[in-house]
Amino acid sequence: MKVSVNWLKELVETDLDVAGISRALTMAGLEVEEAEPVAGDFNQVVIAEVRSVAPHPNADKLRVCEVDAGTGNILQIVCGAPNVAAGLRVPCALVGARLMLADGKPLDIKPAKLRGVESNGMLCSARELGLSED
């Protein structure tokens with residue numbers, strides 16, 4: 001059976017880390033075979049609302065999105081996802097975020113110019129966050 005550590009912490013007040021919780025459960029007679037993270041290693045990723053989407057002026061497969069990530073400013077982000085649309089709520093890596101790629105290499109999110117258009121963040125897929133293989 002898989003159980004979320006966050007769910008356990010809602011039921012029992014504890015400051016133990018995952019290893020400590022695993023030891024305590026095992027000592028209580030509930031063997032913990034393994035503990036694995038649900039998501040990849042990342043930080044500064046928030047849920048953002050896509051406000052608008054326009055074609056990129058210099059690239060057929062890119063879109064220029066205006067995104068509300070709760071920062072107080074609307075962010076302009078260049079995105080390659082063909083299914084991005086206004087009104088969607090999507091994971092957004094803010095400038096300064098660090099994602100871990102499938103090959104184990106970190107990807108630091110910085111302000112960039114993609115084909116001449118400024119991009120201030122990255123809209124992320126489940127694969128880019130380590131949540132899915134798709």
- Would you name the heavy atoms of V46 and A69 that are closest together and state the gap between them? CG2-O, 3.8 Å
- Task: Enter the distance from E10:CD to S4:OG here, rounded to the nearest 0.5 Å.
- Result: 7.5 Å
- Query: With a 4.5 Å limit on heavy-atom distance, are the side chains of C124 and V90 in contact?
  - Reply: no
- Query: OG/S119 to CD/Q76 distance, rounded to the nearest 0.5 angstrom?
  - Reply: 7.5 Å
- Query: With no hydrogens and no angle check, is any side-chain donor or acceptor of H56 less than 3.5 Å from a backbone partner on L114?
  - Reply: yes
- Euclidean distance, L94 CG relative to I109 CD1, rounded to 0.5 Å: 9.5 Å
- Task: Working to the nearest 0.5 Å, report the span between CD1 of I74 and CZ of R51.
- Result: 4.5 Å
- Message: For the backbone of A54 and the side chain of R63, can you confirm whether one donor and one acceptor N or O come within less than 3.5 Å of each other?
- Response: no
- Message: What's the separation between atom SG in C79 and atom CG in L123, rounded to the nearest 0.5 Å?
- Response: 4.5 Å
- Item | Closest non-hydrogen atom pair, T14 against K9 | CG2-CG, 4.0 Å
- Query: Side-chain contact, heavy-atom cut-off 4.5 Å: V78 with C65?
  - Reply: no
- Item | Closest heavy-atom pair and its distance - V64, P55 | CG2-O, 4.3 Å
- Note on the structure: Rounded to the nearest 0.5 angstrom, the CG-CD1 distance for L75 and I77 is 5.0 Å
- Message: Do V12 and L8 have side chains that approach each other closer than 4.5 Å (heavy atoms only, starting at C-beta)?
- Response: no
- Message: Please find the pair of heavy atoms, one from R115 and one from L62, that lie closest to each other, and give the distance.
- Response: CG-CD1, 4.4 Å
- Task: May I ask you to decide if E49's main-chain N or O and D68's side chain share a donor-acceptor pair within less than 3.5 Å?
- Result: no
- Going hydrophobic residue to hydrophobic residue with side-chain gaps under 4.5 angstrom, can you get from L11 over to V18? yes
- For A86 and S52, which heavy atoms make the closest approach, and how far apart are they? CB-CA, 4.2 Å
- Message: Please tell me whether V95 and L107 are part of a single hydrophobic cluster in this structure, the criterion being side-chain heavy atoms less than 4.5 Å apart.
- Response: no
- Item | Hydrophobic cluster membership, V67 vs V53, 4.5 Å side-chain cutoff | yes
- Note on the structure: On a heavy-atom basis, the closest approach of V32 and T26 is N-OG1, 3.4 Å
- Are any non-hydrogen side-chain atoms of L99 and M122 less than 4.5 angstrom apart? yes
- Can you find a pair of side-chain heavy atoms, one from E118 and one from N120, that are under 4.5 Å apart? yes
- Item | Heavy atoms of other groups near K110 NZ, more than 12 under 6.0 Å | no
- Query: Any link between V5 and W7 through a network of hydrophobic side chains (Ile, Leu, Val, Met, Phe, Trp, Tyr) touching at under 4.5 Å?
  - Reply: yes
